[in-house]
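Heavy atoms only: backbone and side chains are in, while hydrogens, waters and symmetry mates are out. Just so you know, ligand 1 is whichever comes first in the structure, and atom 1 is the first atom listed for that ligand.
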Amino acid sequence: METFGARLHRAVAERGPLCVGIDPHPGLLTAWGLSDDVAGLERFCATVVEAIGDRVAVVKPQSAFFERFGARGVGVLESTIRQLRDLGALTLLDVKRGDIGSTVAAYASAYLDPSSPLYVDAVTASPYLGVGSLAPMFSTAAEHGGGVFVLALTSNPEGASVQRAVGAGGRTVAQTVIDEISQLNRGAEPLGSFGLVVGATVGETGHDLDSVNGPLLAPGLGAQGGTPAGLRTVFGAALPWVLPSYSREVLGAGPDPAGLRAATERVLADCRAALGTAD
Ligand SMILES: O=c1ccn([C@@H]2O[C@H](COP(=O)(O)O)[C@@H](O)[C@H]2O)c(=O)[nH]1
């Protein structure tokens with residue numbers, strides 16, 4: 001079985017270093033001329049999938065925008081995931097789950113077990129009940145070739161007060177998370193399956209990301225003010241492992257599929273230039 005890290009490495013080599021988020025904000029539905037209901041949600045997602053599902057390495061649906069419509073919204077999420085998979089995109093569900101271990105085991109079954117209707121290639125997870133509490137996600141991911149992206153230094157300004165707090169050993173909370181994930185990825189080739197989330201907005205981190213040996217998801221580009229040029233400042237020597245992520249910057253170019261594709265190509269070219277990866 002091919003690991004998530006290996007699949008991601010291949011997808012990035014084939015399609016380029018880019019993750020596009022599906023975040024059907026109410027304002028975007030309106031701007032696209034759609035109703036703010038399940039029918040509008042379904043049309044929005046189908047348009048995004050058709051426009052970019054066959055060309056982007058990773059697509060990241062934001063669960064919250066589906067959950068707000070209840071069971072029918074989650075139904076649209078399930079079918080969107082299936083359609084993306086059919087078009088060869090890796091699916092990363094942004095759910096930021098975290099809990100005591102026995103409950104995390106249920107989340108792991110929900111998202112990382114191939115027999116689940118909500119099965120995806122990878123999920124985002126929150127480590128604030130302790131990285132060890134996420135162990136069932138790590139083991140389920142490892143068993144089925146999935147991935148987990150753990151929050152380290154998030155793109156929002158409020159995150160720093162928790163994530164940069166210094167613990168008893170003199171390390172920040174974020175550095176503890178970074179070190180525990182690095183440990184999980186040790187020796188993995190060509191890339192570990194356990195990633196971190198580090199916002200493109202955080203500036204020079206003062207944290208050591210060089211030994212993670214796993215993907216570094218960088219949200220916060222575009223709408224939140226992060227720029228591809230700023231990625232070098234944030235990630236330094238860890239730049240080759242960065243997976244830049246855009247949602248509103250690309251989605252705002254819809255509903256015309258050609259507009260969505262053009263926006264995707266533009267941000268991908270900017271990211272390639274910033275990361276120094278050949279076209
Ligand atoms: O630190 C984080 C972690 C996750 N996100 C999520 O990414 C997208 C960003 O959307 P944009 O429209 O590109 O701003 C959204 O789903 C967030 O929940 C993040 O922004 N920062």
Side-chain angles (χ1 to χ4, degrees), residues 17-32 41 44-45 48 52 56-69 73 76-77 80-81 84 90-98 111 120 122-128 134 147-164 172-174 177-178 181 194-203 205 207 209 212 214-228 230-231 234-235 242-254 259-260 263-264 266-268 270-271 274:
L18 185 64
C19 169
V20 172
I22 303 186
D23 294 49
H25 288 259
L28 276 172
L29 294 175
T30 306
W32 283 32
L41 178 74
F44 184 96
C45 295
V48 177
I52 64 161
V56 173
V58 181
V59 179
K60 180 175 77 66
Q62 170 51 258
S63 186
F65 292 109
F66 296 82
E67 290 174 40
R68 79 188 185 95
F69 294 110
V76 175
L77 176 59
T80 300
I81 290 164
L84 287 167
L90 293 177
T91 50
L92 165 58
L93 184 60
D94 200 343
V95 279
K96 299 184 184 67
R97 293 297 193 233
Y111 304 120
V120 282
V123 286
T124 56
S126 169
Y128 301 119
L134 299 174
V148 182
F149 288 77
V150 180
L151 304 179
L153 292 159
T154 58
S155 66
N156 58 318
E158 302 85 358
S161 64
V162 173
Q163 296 152 11
R164 291 177 184 264
T172 65
V173 171
V177 174
I178 294 165
I181 297 304
F194 304 108
L196 291 167
V197 179
V198 177
T201 49
V202 300
T205 68
H207 285 68
L209 290 162
V212 177
L216 302 172
L217 183 74
L221 291 159
Q224 294 177 53
T227 63
L231 291 174
V234 177
F235 292 97
V242 173
L243 181 62
S245 184
Y246 288 86
S247 300
R248 284 168 288 180
E249 176 78 12
V250 168
L251 301 171
L260 289 167
T264 300
R266 173 176 55 79
V267 297
L268 177 56
D270 291 348
C271 290

Peer 1: Tell me the protein heavy atom at minimum distance from atom 18 (O) of ligand 1, and give that distance in Å.
Peer 2: Gln62 NE2, 3.0 Å
Peer 1: About how many Å separate CD of Gln62 and CD1 of Ile22, when rounded to the nearest 0.5 Å?
Peer 2: 11.5 Å
Peer 1: Out of all atoms in ligand 1, which are within 4.0 Å of some heavy atom of Thr154? Include the element for each.
Peer 2: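 Atoms satisfying the 4.0 Å criterion: 1 (O).
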Peer 1: Considering heavy atoms of the protein only, find what lies nearest to atom 7 (O) of ligand 1 and give residue, atom and distance to 0.1 Å.
Peer 2: Lys60 NZ, 3.1 Å
Peer 1: Donor-acceptor check, side chain of Arg68 to backbone of Gly73, threshold 3.5 angstrom: yes or no?
Peer 2: no
Peer 1: Just distances here: any N/O of Gln224 and N/O of ligand 1 closer than 3.5 Å?
Peer 2: yes
Peer 1: Nearest protein heavy atom to atom 16 (O) of ligand 1, by residue and atom, and its distance?
Peer 2: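 That would be Asp23 OD2, 2.5 Å.
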Peer 1: Within the distance-only criterion (no hydrogens, no angle test), does the side chain of Gln224 pair as donor or acceptor with the backbone N or O of Pro219 below 3.5 angstrom?
Peer 2: no
Peer 1: To check your reading of the model: name the closest protein heavy atom to atom 6 (C) of ligand 1, its residue, and the distance in Å.
Peer 2: Asp94 OD2, 3.3 Å
Peer 1: Is it the side chain, the backbone, both or neither of Val197 that has a heavy atom closer than 4.0 Å to ligand 1?
Peer 2: side chain
Peer 1: Side chain or backbone of Arg248 under 4.0 Å from ligand 1, or both, or neither, by non-hydrogen atoms?
Peer 2: both
Peer 1: Please check whether Ser247 reaches ligand 1 - meaning an N/O of the residue sits under 3.5 Å from an N/O of the ligand, judged on distance alone.
Peer 2: yes
Peer 1: Nearest 0.5 Å please: distance from the OG1 atom of Thr124 over to the CZ atom of Arg97.
Peer 2: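 One gets 8.5 Å once the value is rounded to the nearest 0.5 Å.
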Peer 1: Does an N or O anywhere in Glu249 fall below 3.5 Å from an N or O of ligand 1?
Peer 2: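 No; every N/O pair is 3.5 Å or more apart.
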Peer 1: Using a 3.5 Å cut-off on N or O atoms only, is Ser155 in polar contact with ligand 1?
Peer 2: yes
Peer 1: Judged by atom type as modelled, is there a donor-acceptor pair below 3.5 Å linking the side chain of Thr201 to the main-chain atoms of Ser155?
Peer 2: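 Present.
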Peer 1: Purely on distance, is any nitrogen or oxygen of His25 under 3.5 Å from one on ligand 1?
Peer 2: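 Checking ligand 1 against His25, no N or O pair falls under 3.5 Å apart.
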Peer 1: Is the shortest side-chain heavy-atom distance between Val202 and Arg164 below 4.5 Å?
Peer 2: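 With C-beta onward as the side chain, the pair touches.
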